[in-house]
Amino acid sequence: MRIFTFTLFLALSLSGGRAFGVSIDESLDKIEETMKASPEEAIAELRRFNKSDLSKAQLVRFDMLEGIYRIFQADYIVAVSSLESALSNSSSTPEKVQILGYLATVSFIQKRYSESMAHISDMLSLINTIEDKDIQRSAYIRLASLYFQMGLFDQVGMYASKALNLAPEDAVKDICYANLYVAASLMRREELAKALTAFEQTQSYCTQHSLPLIATMATKGAGEVYLLESKIALAAARLEQALAEYGKFGFAIEIPSTQSLLAKAFLASGDSAKAGALASQVVANSAADDRALQDAWLVLAEVAAERGDYKQAFDARQKEVEYATRIVDETTAREMAYQAAKFNFEEQRREISLLNSERDGYLVQKETISREHSGALMATTVLLGICTFLSLILALGLSQRNRFMRLAQRDGLTGTYNRATGQEKSENALVSCMAVGEPASLILLDLDFFKRINDDFGHATGDWALKKVVDVLRSELNRNVSGEHILSRFGGEEFMIMLPGISGVEASEIAQQCRRAIHEVDTHYSGHKFSLSASFGVTELTTDDLSLDPMIVRADRSLYMAKHCGRNTVVLDGKEFSDVLMGEPKQGPAPKEAPQAPENIAGNPLAPSVADEVAAAMPLLGGAVSVAAKAQKERAGS
Ligand SMILES: Nc1nc2c(ncn2[C@@H]2O[C@H](COP(=O)(O)OP(=O)(O)OP(=O)(O)O)[C@@H](O)[C@H]2O)c(=O)[nH]1
């Protein structure tokens with residue numbers, strides 16, 4: 001039980017050959033197999049290779065096999081150099097774990113426990129990075145084996161259990177090894193009842209699965225437990241059985257330790273002869289380890305004392321103390337190495353946790369900054385959103401306001417300015433003209449006999465006519481007026497046009513164009529055929545005018561005159577425009593379908609009653625005409 005771990009370790013390490021399907025790799029696989037049974041044969045095969053023919057990976061395997069062979073040869077210096085070369089060239093984690101295991105074993109054999117622990121620590125850190133569960137399991141078993149050598153039994157149990165947890169049902173060999181280590185660790189921790197059960201179960205399981213050597217180790221373990229429990233007969237039976245099995249296998253390495261235990265059992269049972277004989281075999285065996293030798297010398301001292309050979313008893317006792325001291329020293333050294341490694345490990349862990357906490361702190365800080373950034377970003381986004389929203393609302397409000405303003409300023413039916421707006425805008429324009437001494441004219445026009453259109457064809461037709469008239473007016477104004485013009489609906493079927501910068505005559509010409517265009521409207525698009533015409537009263541700005549009102553009064557009077565001149569007429573400041581200035585014959589009579597204007601109204605000259613009215617207004621109108629004429633003359637001259 002004391003040495004078997006080393007043997008087991010090598011057996012384990014050499015198990016699981018790799019098949020690469022390439023001839024050199026296949027040969028290396030074969031050499032690995034041969035190394036288990038015949039190291040000399042294996043190394044002879046290995047040396048046939050020319051190292052320069054090998055790939056880097058094959059060189060690693062070559063060095064590993066060389067290292068293993070050197071371990072068998074106890075040539076540890078060469079073994080270490082070959083293994084270290086393999087380790088530095090290997091790029092495979094499982095392979096590195098395997099190499100570190102060999103190095104740990106060599107260091108252990110050389111009693112360089114700190115070095116051994118350092119290799120074990122490296123192994124440990126690599127094992128966790130292996131993803132393949134099978135390889136990880138094998139690595140745990142190797143680790144359990146190494147810890148067993150180091151006498152660190154808690155770790156043995158822990159890693160063996162880890163291996164068992166990873167073992168599928170068919171991993172029989174690994175299960176056997178792992179169970180054996182679990183049982184051995186229980187025994188070393190003096191949990192004897194559990195240890196015995198574990199050894200018995202391992203023995204039975206391994207026998208059942210045709211692994212007799214491991215089953216024999218379990219038998220030996222059970223014998224040792226019985227010995228510790230002072231169940232001498234049972235102990236002797238198991239140990240004798242194990243010894244016989246080892247002999248059968250030629251498993252020499254385990255024989256001295258089994259013999260020493262059996263010798264103790266015989267001694268306890270009173271069979272000093274057998275005990276002495278076995279103990280003598282042990283002390284003569286160079287392969288015996290310290291513990292086997294200590295036990296053997298103890299037995300020999302007891303046997304010698306029983307015989308009364310006190311000199312030999314004393315010498316044997318001295319030997320026993322020597323090995324016991326050596327074991328204690330080694331145990332202490334291993335324990336110290338372990339504690340040092342553990343301290344280093346703890347230090348590393350502390351450093352790692354420090355680094356981790358620093359990293360966590362950094363991450364928290366980073367997260368805080370990123371949160372701040374995203375917070376700022378969110379705030380900016382929200383702010384921008386609010387601004388956009390407010391802008392939209394504002395734009396919407398402005399457009400609504402403009403729309404409402406437009407609606408408030410406009411006539412709903414025709415879209416022209418309404419009376420108030422028309423007057424206001426005209427007033428403003430007039431003030432500007434007065435300020436710079438420019439002329440300005442005002443036209444009032446009223447559709448003729450509009451009531452009859454409504455009455456005869458309905459209000460919809462009347463509306464159509466109103467809209468059509470506005471279209472015509474707009475088109476004529478755009479065509480004939482280059483500057484500003486202000487068209488507004490003055491009343492029901494009455495419209496006002498302010499023409500800044502335009503003289504009365506020019507305005508009357510424009511009015512004539514409008515009058516003609518209105519009269520030419522093809523009304524059948526309304527669904528009815530009727531005649532459309534309008535009467536126009538035009539006035540020009542005079543130097544006496546201080547506002548729009550007197551112009552409206554004058555234009556209205558001219559309009560009134562136009563109506564009484566037979567309608568479809570333009571009157572400029574009390575004079576029918578076509579007659580007075582252009583000599584143009586008056587256009588068209590009253591609408592065809594509309595009732596004809598009464599004779600006295602539609603006819604020309606003016607009917608007496610109307611003439612009276614006009615005459616009454618003449619003092620006012622005459623002034624206006626003279627101003628307009630004067631202005632016209634001035635402009636013509638300039
Ligand atoms: N369809 C329609 N008719 C309107 C609107 N506003 C006013 N009117 C009508 O216009 C007509 C005006 O009639 P009057 O003032 O008698 O004048 P008229 O019939 O045009 O006769 P003269 O002006 O003397 O040529 C009335 O019948 C009003 O009802 C409107 O928006 N739509």
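All ligand and atom numbering here is 1-based and tracks the order in the structure.
- The protein non-hydrogen atom at the shortest distance from atom 16 (O) of ligand 1 is K451 CD, 3.7 Å.
- Remark: ligand 1 and L466 share no N or O pair separated by less than 3.5 Å (distance only, no angle test).
- Among protein heavy atoms, atom 5 (C) of ligand 1 sits closest to R489 NH2, 3.7 Å.
- Among protein heavy atoms, atom 9 (C) of ligand 1 sits closest to N454 ND2, 3.2 Å.
- Every heavy atom of H564 sits 4.0 Å or more from the atoms of ligand 1.
- With hydrogens left out, the protein atom closest to atom 24 (O) of ligand 1 is R567 NH2, 2.9 Å, a heavy atom.
- Ligand 1 places these atoms under 4.0 Å from at least one heavy atom of G462: 1 (N).
- The single protein non-hydrogen atom nearest to atom 22 (P) of ligand 1 is K563 NZ, 3.6 Å, given as residue, atom name and distance.
- In this structure, of W464, F449, Y560, the residue bringing a heavy atom nearest to atom 25 (O) of ligand 1 is F449.
- A donor and an acceptor atom, one from each side chain of D573 and T539, are located under 3.5 Å apart.
- Put simply, the side chain of S526 gets close to the backbone of T523: a donor and an acceptor are under 3.5 Å apart.
- Listed for the T93 side chain is no donor-acceptor partner under 3.5 Å among the backbone atoms of I130.
- A salt bridge links D545 with R554; the closest basic N to acidic carboxylate O contact falls under 4.0 Å.
- Inclusion of D446 in the set of residues having an N or O under 3.5 Å from an N or O of ligand 1 is warranted.
- Ion pairing between a basic and an acidic side chain is recognised when a charged N comes within 4.0 Å of a carboxylate O; D455 and K451 show such pairing.
- For a threshold of 3.5 Å applied to N or O pairs, the pair formed by L447 and ligand 1 contains at least one separation below that value.
- Counting protein heavy atoms only, atom 6 (N) of ligand 1 is closest to G492 CA, 3.3 Å.
- Nearest protein heavy-atom contact of atom 17 (O) of ligand 1 is E493 OE2, 3.4 Å.
- Side chains of S503 and E506: a donor on one and an acceptor on the other come within 3.5 Å.
- Salt bridge annotation for D411-R419: absent, with no cationic side-chain nitrogen under 4.0 angstrom from a carboxylate oxygen.
- Checked by atom type, the side-chain pair T416/T414 shows a donor-acceptor distance below 3.5 Å.
- The protein heavy atom nearest to atom 20 (O) of ligand 1 is F450 N, 2.7 Å.
- No donor-acceptor pair closer than 3.5 Å links the side chain of T421 to the backbone N or O of Y417.
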